[in-house]
Each structure stands twice: as C-alpha cells, then as structure tokens.
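For reference, the structure discussed in these notes is given below.
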Amino acid sequence: MMEYNFREIEKKWIKFWSENKSYRTVEDSSKKKYYVLDMFPYPSGAGLHVGHPLGYIASDVIARYKKLSGFNVLHPMGYDSFGLPAEQYAIQTGQHPAITTNRNIDRYREQLDQMGFCYDWEREVKTSSPKYYKWTQWIFKQLFNAYYDLDSNRTKNIDQLVDHFEKNGSDGIKAYGDEHDKFTSYEWKNFNIEEKEQILQCYRIAYLSESQVNWCPKLGTVLANDEISNGLSIRGGYPVEQKVMRQWSMRIKAYAERLLNDLDGLDWTDSLKEQQKNWIGKSVGAAVSFEVANHKGEYIEVFTTRPDTIFGVTFLVLAPEHELVMKIVNDSQSEAVKNYVKETSSKSERDRQSDVKNITGEFTGAFAIHPFTGNQIPIWIGDYVLSSYGTGAVMSVPCGDQRDYLFAKRFDIDIVNVFKDVDISKSAYEDKTGTIACSDFLNDLQINQAIKAAINAIEQKGIGKGKTNYRLRDAVFSRQRYWGEPFPVYFKNETPYLIDDQNLPIELPEVDKYLPTEDGEPPLARADKKQWKHMEGDRMDFNTMPGWAGSSWYFLRYMDPHNEKEFVSKEKVDYWQNVDLYIGGSEHATGHLLYSRFWTKCLYDLNFIPFNEPFKKLINQGMILGRSNFVYRINGTNCYVSKTKIKEHDTTPIHVDISIVKNDILDQQKFKEWMPEFKDATFILEENGDYICGFEVEKMSKSKYNVQTPDELVIDFGADTLRLYEMFLGPIEQSKPWDTKGISGVHNFLRKCWRLYCDADGNSILIDKESSKESMKTLHKAIKRIREDLDRFSLNTCVSTYMIAVNEFTDQKCRNRDVLEQFVILLAPYAPHFCEELWEKIGNQSGTLYQSRFPVFNQEYLIENTYEYPVSFNGKMRFKVEFPLSLKKDELQKELEKMDQTIKWLDGKEPKKVIIVPGKIVNFVI
RNA sequence: GCGGAUGUGGUGAAAUUGGUAGACACGCUAGACUUAGGAUCUAGUGCCGAGAGGUGUGCGGGUUCGAGUCCCUCCAUCCGCACCA
C-alpha cells in the first residue's frame, strides 16, 4: 500500500530545492520587499532541541506566506558564534574554539536543513569569521571616531569637535560627554597628542573608562553575574571581589531619550516596550549639593526625584564605594567603615538590591549641612545605594521613601514628617499627591507644585538644578576573554590609536593557552609579535569585544554578505531597509534589542543607512519546556514502584531518560540497560504489567534527561508533521511544555489529507468537475480564517482550520481539482515538502508551487440565510432555534414568545426586558 | 527587591470588538472492521446528578441584560535584572 511516505518525499524535495537553488534571493526593484529575520543562534555543543525551531518554523511559515503573496522575501540565517562555552571548552581541552565552533555549526546546519526551511544559505553569516568581524571592527572605528552633538541631537564625526576646539577651545561645547577642565583654543593647539586624546576620550562614542567588574583573583578572570553565586565563583567556588578596570565603553546614555521616544513607532508588544522603558529608567528631578561640615570645599551631590521633600531630609547615605567615604570618615568610625566597605565589595549588585530585609549600613561620623535649614545631618554609608546609579549618594527622606524609612528606624535616625495630615507611624508615604507641611516656603503647596518651587529655590541658591536622570548606563564593551572580536586598536604610552582600514581585520592571534596571564592580563596578552598578523605601537589591545558586538548589526550584513568593500552597499540597504518581522526570545528584551537599536541610530546619523530603527515588528516566541519522567525507587533498595503505588512505599523520584519512556510507560528492559546501577533493578508493576512513570515540567537540560531533539521526531514523523505540531502547540509567544503525545494527531491529519488526493497506489484521484456548494464553502471559510490568522500571527489556530477543512472535505467525499488544488497552496507554508509533492502529483510542473498565488477569499460562498439563535434567560443559554436572518427584532421576539420552550423558561413571569442582537443572541431578563 | 508574563477539562488549547465556554487535537471508554497497524471508521467524554437540573475559566469582590474577556484585591508559577547569548 502506498501511503503518505514522508521519508522519501522530504528527502526528494530537500534535494530538489538545493539543486535548483529554489531559495536564492536576489534584489528585484519590481517587487515589494519583505524582510523576515530570526534571532540567530549561538551554536552550542548540545545541538538544537525542539525549543529552537519554534521561532524558525513561525518565521518560515510567514516567509512562505509572503512569497506566495507576491513579496520578494529576504529570509536568512547565520550564527552568533563567539561565546563563552566554546572558550571554556578550549580552556579544558586546549582545542582552538574555532574548531569546536565550526563543528557545532555543521551540526546545526544539518539539523536546520532537515526542517525544510526556505533560508537563502548563500547569505549565511558567522560573527566569528574574520570576513564578518572585519566589519564589526570597522563599525567600532566609526564609533571611536564619533561624538554626540547635543545641538542637532545626532552622532557626528569627531573631526567636527576637533574643529571646534581649534577655533574656540572648550567654550560653547554642545556635546554629550564627561567633565574635563576648560581650555582655550591656544591651549588646545599646544596640547600634545596624548593630552588631546585624553580630552577626546570624554566625548567619543566608543571610549575607555574605569568601570567596576567582578574579579576572581584565583581564576584570574572577570566573571559574569551568573557565573557567581553567594560571592563565590560557580566554577571552583573561589571568592569574587569588585575591582575597577580600564575598559572600553559605549556612550549609549547619550541616546537614552531617543531610544525611549522611538519606541512609540515600533510594532512591539507593550510588555517589551515596558521592559526597555524600565531599563532606560528616565526620572525627572533635581541634583542637589550638600556641603560636608568641617571639610571645606567637599560637597556631596545627590539626585532626587522628590525635591519637594527636601525639608524631610534627616541624613545622607553614600554608596560604600563613594570616593568621599574615606576622606570624610572620622577616626572613631574608620575601622567600622572600612570593614563595612570590605563586606560590601564581596556582594553582587543584585544581592544588594534584592536583600531588603537585612538593612545594613555604617555611620561615617561626618555630618552634612542642610542647605535650607543649616542643620547638621549625619552621613551614613549603606549598600542599598549603588555607585553606578545617579551620583552614588542619596538624600534620605524617611517620611517619603520606604527604604529610607526602614533605614532610619533600624539605626534610630530622626524622621521628620513633611506631609500634611498623613500618618507615617507605620510606613513612609510614597504617594505623589497631597500637601506639603513643616517645610518653610513649601508649606501648603501641592506636591507637584512643590517640586517646581523646590527646584526653583535650589537653582536660585546655586546649590543644584533641575535634572533628568537615566538608569541606563554606558555599556561596557570589552571582555577579558579570548573568543571574541579583537579591537582594531594599538597602544602607545597607554594611549589608544586606531589601526588603518587596510590592515583590517585584526585577526585573533594564536595563543598557547586560553587563560589569562600570570599577572592577570587577558589571554590575548600571551600572543607575541609573530602571532599577531598585524602589530603596531607598544602593544595591541588585549581585550576582545562582548557578545553583543557582532549581533548588533548582523541584520545589515545579510543584505550584502560577500561585499569586501563595504559593510553593506548603499544600493542593497536602500532596497531591503529594516527588518519587517523579527522573531526571537524575550530574554533579549534589554540586551541585544537595545544595543542594536543604539548602533542603528549611530549608523543612521553617520549616513551609512537610511533608517534609525532596526526591527519594525517583533514577536517573542515562548520557551518550550521539557517534560521529565521519573521512576520511584524504594529507599535503600534497587526496587522501583509504578506511579499509582508510590503511596504504599517510602520512595525517591529519579529522573529517567525520556527516550526509554513512551506515553509515561517505561521500557523496563531498556531501563535495565540504561546505566549499570539499574542492571539488577526490580519492579512493582501495575496489574497489566506496565510500569507507569511520573512526570514534571521543567527547563530542558541534559542533566534532567528530558531533552527532545528534532532529529528523532523528523525520523519518526517527518519535518512537515513536526512543523505543524510545533505550531499547533499553542500561541507562539507563550511558553509551554513539550509533549510528544499529541504529535500523532497532526501526523494523522497529513495522512488523512493525503488520502483526499491519492489512491492506494499513490495516483491522483482528482476530477475536473464543478465543486459542490459545501466544498466551496469549506474552502473559502478556511481561506478567510487562514489569511486572518496569518496576518495576526496566530499560527496555532491555522492548524485547526486545516484540520476542520480536511475533515469536512472527507465527509463531503470531495475530489474536485479546483477546490483541492487551492487547498494545497493554502497548506504549503506549513507543510512545504508535502505540498510540493501533491502539487506535482495532481499534474503541475515540479517545483512551481511557489509561482502561484495564495488563494483569495470570496465572500459569496459564505452567505447564509438563516441563523441558529442561542436563547438565554438571565444570561444563561437554554436552547437554540433557527430563524431567517432577515427577521426583524420585534418579529423574532413574537415568534420566540409563542414557543413552548420560552413559555417553560419564563415560568409565567413577564420578562422585564428582552435583548435581541440580530445574528448574535437573544436574552430574556426576568 | 525591581520589572515583565501567565493561570480555562485528565493534557496542549480555542473563543479576533463583552454575546452559545471547552472549537481542533491528545488521552480515555465502548463498538465495528481485519493484509493485526503507530491503520481506519462509529458513538461518548468539563464536574456533580439516575434524571430534571445544578455548577463551572487561579481566589474574593465589582460594573453589565450578559464577563474567560472590563475594573479592584489577593494567591500561585515562570522569565529578565547590565561579562550567558
């Protein structure tokens, strides 16, 4: 019997597509473009699991739908191939990370190929390839050579700033940057090159700065927050401390306002925009300086969003790292303060923010002078104040801020209430409505007026000014690692210089080990003159770029991946423009998505690209969770109890590999062979001899033996089934557990669909005869729903629609070519191999399916004359009755009131009201 | 802690603007068929109840003729938090 033979069919079409270069994309100005992009993967050693393709299938369905709708579709794929795991593996084995990376990429490619994606593989990019990172380095150079002009609010070439310095010195500078001493034009001209560079570093978009890192002396490396747990490195368990290091940074803060405002024009989910807004963290308030008593000329600057509560300030708190701490501490407190600072340095920022129950702090012994009352107020340090946010110091208003309130209570500091008729005996009053009291000139003002009045007074007194603050920090842009892009930079007298374009790319040098040097320099410091293909100055830059460097602009390279003269040609970027649909995980909400927006704005300002936002529409696909299986071992034995009987025993659940479990029933023989310790296992079984396993939904991971790879499913059911099934699981943006149980349902659907077209010998059974009304209705109902659902990316409901249509066609015994041929095109985005095969079988030329057009919906086939009204009493549906749709409201009511059913439910009462929505519902209110 | 998301049958879910809750599948129960299959077909399947009927979208309130959908309160789970990518 010739059933639906997916193995042969899929093999045949994958070969056909590859031989005919079916998915090659060329620029074609006669067609409208559509750019669908997946977030490219990091090729890990474990290969793809079933969670990865979820987004890829979704984007592939949309790409194919858009092709069939007449668009010229750009749908590329590549690899974000720099990363820590490959480096870690290299450290352990001594093998070059490029080797493992390429091996992993090959594996990914094999897995991707079997899924039937329509990627144009000629456009593949790999961030770790020198041909690619040459241009990452080139972009870095543009950012090094750029500054942010506050007059025009855009990125400009640094030469324009240099021009200004030559003409006017530092006078009248309108550029975003760090503070530096004033200088005249004459002085500028006499600065030597290093002095000039020091000034320019205050303005460059890519600049060197001192920033704090998690330093692990024992490992000799900097660690990411997630490599640390409780102040110890996860690898090895060594202590980690905070250390200041000279690092490359990106002046993303200059773009904060634009990054915030431009969110409005993007078709992203509100939650994603909300996350970015939060990350940017705009707050409006004032900067105020407090003089330190008995330390002439020392001021503590704080930022506050509530200047209206300035009379409620009863103490100041500095971050323990604040530069003034050791200057102002008095002798008797010195020891305690030093200890506290040391204690803090072992805590991560997250720990400091999370731990609100443990209020800690230390008095410095110093006092500040309140600028309005002249009172002396104590200066404390506390780890809830972070040096990286604002000025690293806060004015504490215990009556108006809960953290300050708790701090004051804990250390017995005065609390002054500045709110009229508000009780603060239990907690602070954080509302922004109310009236101010006990505050001299602010008395009786509403809070929002008081904020303005306070800022006014602060400015008049010359102790501060109104200010907008952003939580967003400049982004650290270097890593003390090996497996990343080298900087196109060399140093002379520790001053950075760019390397000429003609010498790019600066390739990663060979090193003997992928570890830091003995004196704590990054791995690249191990390379000598011979190992660097190009070397200048005293030394090359030993840092490498972070993971987000390559991923911040890769969507541009796909447009012109082989261009050796430019990162992308003007012509191509003008045609493809920005990404129309971007699909990827929500974990990138604030990292990758913010950084690419930032780089896009820079490149736009510098006239390299014609748009200032990279991704017009964005969908976050949810995570697919694993479904783990368990066996239950009776404690102290090697005997395992089936799930329904665990209550009778004292047991421990043990993860068991899901590959030896089918529908929660354990393969007992395979279990015994699985690991030596189970060789002599005994079982307590169900009456029918089955061993039933327990299950739990968890993240997919090797250690839980719950990883499901697409490979085995493709072998068992085929790629088309897997594609349909992953979409069928639920809404794309929701996370959901993986469960193979349901897969036979969609597989059966394809088989059932196949039987509509072919007889047992695999020959077409379609006939050219006018279709029945019912079949046309089924088809057009499906066209309407599929189009609507695809347009709103409701990809799961499409699958149900296909199933309903096939069920109805089967019931109708439909054999008509005109209906079923349309249906093949309708299904093609989801099941490409299957549909190409049927397309050919029913008499079309091989591989021409994608030259046809997506079916068009015709309302005529769906017109109905009658409607089955649900009739409700007090909102509860009681019965249904069919009426012509032409029936007017009052006629309908009259007809209904005559009916026995109505009389029964009215129960002799007169309805108070009858609601009739024609074509929808009837409701009697009794 | 801050921020975001999600809670509907035994399971995955559907219900696009407030209008028949549970479409479509999985699983399960019973039956038919027989080249004994991961096949196909038929009927049933939210819960309680023999039935009439009652009840039901995480909990508790509210708005409405009518709430899974809107508003308020609470609870639970998951994700992110700046060197994982």
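Letters go in sequence order (proteins before strands), and every chain restarts at 1. Small disclaimer: the values here were computed from a predicted structure and weren't measured.
- At least one side-chain nitrogen or oxygen of A:N796 sits closer than 4.0 Å to the OP1 or OP2 atom of B:A14.
- Taking the centre of each ring, A:W553 and A:Y132 come in below the 6.0 Å mark.
- Note: CG (A:N278) to P (B:A5) measures 11 Å, nearest angstrom.
- Distance check on atom P: B:U64 versus B:A14 gives 31 Å, rounded to whole Å.
- A:N748 comes within 4.0 angstrom of sugar-phosphate atoms only, judged by non-hydrogen atoms across all strands, and of no base.
- Within the structure, a side-chain polar atom (N or O) of A:N807 is placed less than 4.0 Å from OP1 or OP2 of B:A25.
- Among the protein residues, A:I915 comes within range of the nucleic acid bases, having at least one heavy atom under 4.0 Å from a base atom.
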* Can you check salt bridge (Lys or Arg N to Asp or Glu O under 4.0 Å) on A:E788 and A:K784, steps first, answer last? -> CA-CA 6 Å; A:E788 282 172 0; A:K784 180 170 194 271; 3.4 Å; yes
* Asked: Reading nucleotides 75-82 of chain B from the 5' end, what letters show protein touch, with B for base, S for backbone sugar-phosphate only, - for no heavy atom under 4.0 Å?
  -> ----SSBB
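- Side-chain contact between A:T902 and A:F924 is present, with heavy atoms from C-beta onward closer than 4.5 Å.
- We find that NE2 of A:H747 is positioned 12 Å from P of B:G38, with the value rounded to whole Å.
- Nucleotide B:G22 holds its C1' atom 13 Å from the CD1 atom of A:I804, rounded to whole Å.
- For A:N620, no side-chain nitrogen or oxygen approaches OP1 or OP2 of B:G4 to under 4.0 Å.
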* To do: Indicate for each nucleotide in nucleotides 49-58 of chain B, in 5' to 3' sequence, whether protein heavy atoms under 4.0 Å reach the base (B), only the sugar-phosphate (S), or nothing (-).
  => ----SSS---
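- Note on A:Q480: a base of the nucleic acid sits closer than 4.0 angstrom, heavy atoms only.
- Residue A:Y830 contributes atom OH, which lies 16 Å from atom P of B:A25 at whole-angstrom precision.
- Atom CE in A:M545 sits about 16 Å away from atom C1' in B:C83, given to the nearest Å.
- Counted by atom type alone, A:K243 and A:N214 present zero donor-acceptor pairs between their side chains at under 3.5 Å.
- Between A:D270 atom CG and B:A5 atom C1' the separation is 13 Å, expressed in whole Å.
- At whole-Å resolution of the value, CG in A:N874 and C1' in B:U20 are 16 Å apart.
- Regarding the sugar-base torsion, B:G44 falls in the anti class, its angle being beyond 90° of 0.
- Between the CD atom of A:Q276 and the P atom of B:G4 there is a distance of 14 Å, rounded to whole Å.
- The base of B:U20 sits within donor-acceptor range of the side chain of A:K880, with an N or O pair under 3.5 Å.
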